[in-house]
Amino acid sequence: MRPVPPGSADRPSSLTRRRALALFGAAGSGVLAGCAGGRDDAATGRATGSSTPTATPTPAPPDVADTFPSDEDPDTGLEVHQLTTGEGVTDVQDHYTGYYHHDPLYGDWVVTWTVAASGKRHYKTNVRTGERVPLAGWNGMTGIQVRGADLFTTRVDGPDRWLAALDLDAMTWTDHGAGTHDDPWRISGSLAVDPAGSHVLAYEAPVGRLPSVDGPEHRTRHHDLEAGTSTVVRESPHLRNHYEFSPAGDGTFRAINEWIDRPNSSRFGTERFVVGHVDRGGGEPLELEGEFWASDGDTAGPRGTGFNMAHPFWAPDGRCHTDVVWHPELPAGEFELVTFDFPSVDDPFAPIPKRHQTRRRYPGRYWSHHFTPVETGGGDWFVGDGDVGGTFTVGGGIGRTYVNAGLLLEGGDMVYVPLARVPRPLHDSRTHLLPGGEGVVTVWKHDLRPDVEGRHNVFLIELPVRYQRAMAGDDAALRGLLDDGRATRVENRLE
């Protein structure tokens, strides 16, 4: 469905006159009734995990800086700003470190990095003022997590590589284990930090070895920052990466098995999804009840025996969603979004009963390469980066055209909201909602400036106030988007 371009009420009159960027938490019942929004019926659905936000608008912050190149998206009419421009340095890739489970946002700031001939440089960029502040003393990997005012990452000095935290207000570092290393092991990029900033999981690899090729060894280290301890909780020939703690703050985490058993191979099926707890080691492959999950194997795709839980993501209340692609039972061009209700099970290491699983099946054109949850209090919203290049061939190479927002409804349907057309094929985009809810940041290999070759740049898609209200749980605002054709209600094909 090609969305109807929004009218003047949906777009800012200019960058200098906009004053309505705050997140308004308008009260709502959480029930959507009689909204067809692209469906042939008027089924009722309620946002899963929804709550009634407080109806107290916050003062509008300053406008988005008019120093940024900007343009109106031709399909949706939303304003798109380019936050990075390379600063005139040769061979620059402007990027930001927010892989879908790495949080790069702090207030009005976005953490970015630049690669040039002179080396890697790190910054925080203010989306309001355009100010760009170097993050001095950061010369490590790009895996990060922001918790409060602290940015957790890695620092490097010669052979040493250690965990550290940067206070983004005071611009001071706290080192955890500086000047030490455990030959030949080094932190190798991926970090997970619990919501309180007390526990950190770090993936480590031996220096000078290629994973799963020569001396295939990987391990996971648990840093308890309150106790001041650092313990190896897993050592294995299998690569386990992309750790992420549950936002429920109960110590539960999930991870992805990437390389298992042989060089450069992935294990597909339930063994790809790992669940664990800080008090119970490095985690175990997910166990699920039901015949659907018995289709397991080393290969996936149209002729494979396995399937891919590609990108698990947490709901704010501790349930976990994941997309399922390439499953032998999936019709061509379809995918599933499945929810596992971890808070309702006594032991996440035991098989999860079918009653605590929710399966939803949708056309592949509504799939995203990555899904990032939104913590607005308005239900199971997420933002997705699309995949116009068809990386996983879901949907037969069509669709997935937009950076989007989505809402999972209690009845199994989904509301899909296109935000901006992806300008070209992408691989590892990173899409996040600003903490205030007033815009979505993403990265494209693109440039809005005339006659400038497209590099990886960071972009901000402004969200008009009624989009913000819809994502905060305002049913009337969401119905308005559906009625105007700016959102589509996608039917769960399993019903």
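From a predicted model like this one, the values you see are computed outputs, not experimental measurements.
- Atom CH2 of residue Trp109 and atom NZ of residue Lys124 lie 5.0 Å apart, to the nearest 0.5 angstrom.
- A donor atom on one side chain and an acceptor atom on the other are not found under 3.5 Å apart for Asp385 and Ser368.
- Using a 4.5 Å heavy-atom threshold, the side chains of Val383 and Asn404 count as separate.
- Ring pair Phe349/His277: centre-to-centre distance not below 6.0 Å.
- By the 4.5 Å heavy-atom criterion applied to side chains, Glu226 and His199 are not counted as neighbours.
- Taking the side chain as every heavy atom from C-beta outward, Leu463 and Met471 approach each other to under 4.5 Å.
- Taken to the nearest 0.5 Å, the CZ atom of Arg161 stands 14.0 Å off from the CZ atom of Arg155.
- Side-chain contact annotation: Gln145 with Arg147, donor-acceptor N/O pair under 3.5 Å present.
- Summarising the geometry, atom NE2 belonging to His321 is positioned 8.5 Å from atom CG belonging to Leu337; distances are rounded to the nearest 0.5 Å.
- The minimum heavy-atom distance linking Ala255 with Arg240 is given by the pair CB-CG, 3.8 Å.
- Aromatic ring centres of Trp314 and Phe245: separated by at least 6.0 Å.
- With 3.5 Å as the limit, one finds a donor-acceptor pair spanning the side chains of Asp169 and Tyr106.
- Arg128 has a carboxylate O that lies under 4.0 Å from a charged side-chain N of Glu438, or vice versa, which qualifies the two as a salt bridge.
- Looking at Asp323 and Phe313, their side chains never come closer than 4.5 Å, going by heavy atoms from C-beta outward.
- Looking at Glu329, Glu336, His327 one by one, the single match for side chain to side chain donor-acceptor pair (under 3.5 Å) with Arg361 turns out to be Glu336.
- Between Lys354 and Glu289, no side-chain nitrogen of the basic residue sits less than 4.0 Å from a carboxylate oxygen of the acidic one, so the salt-bridge criterion is not met.
- For the 3.5 Å distance criterion, the side chains of Arg319 and Ser344 fail to qualify, holding no donor opposite an acceptor.
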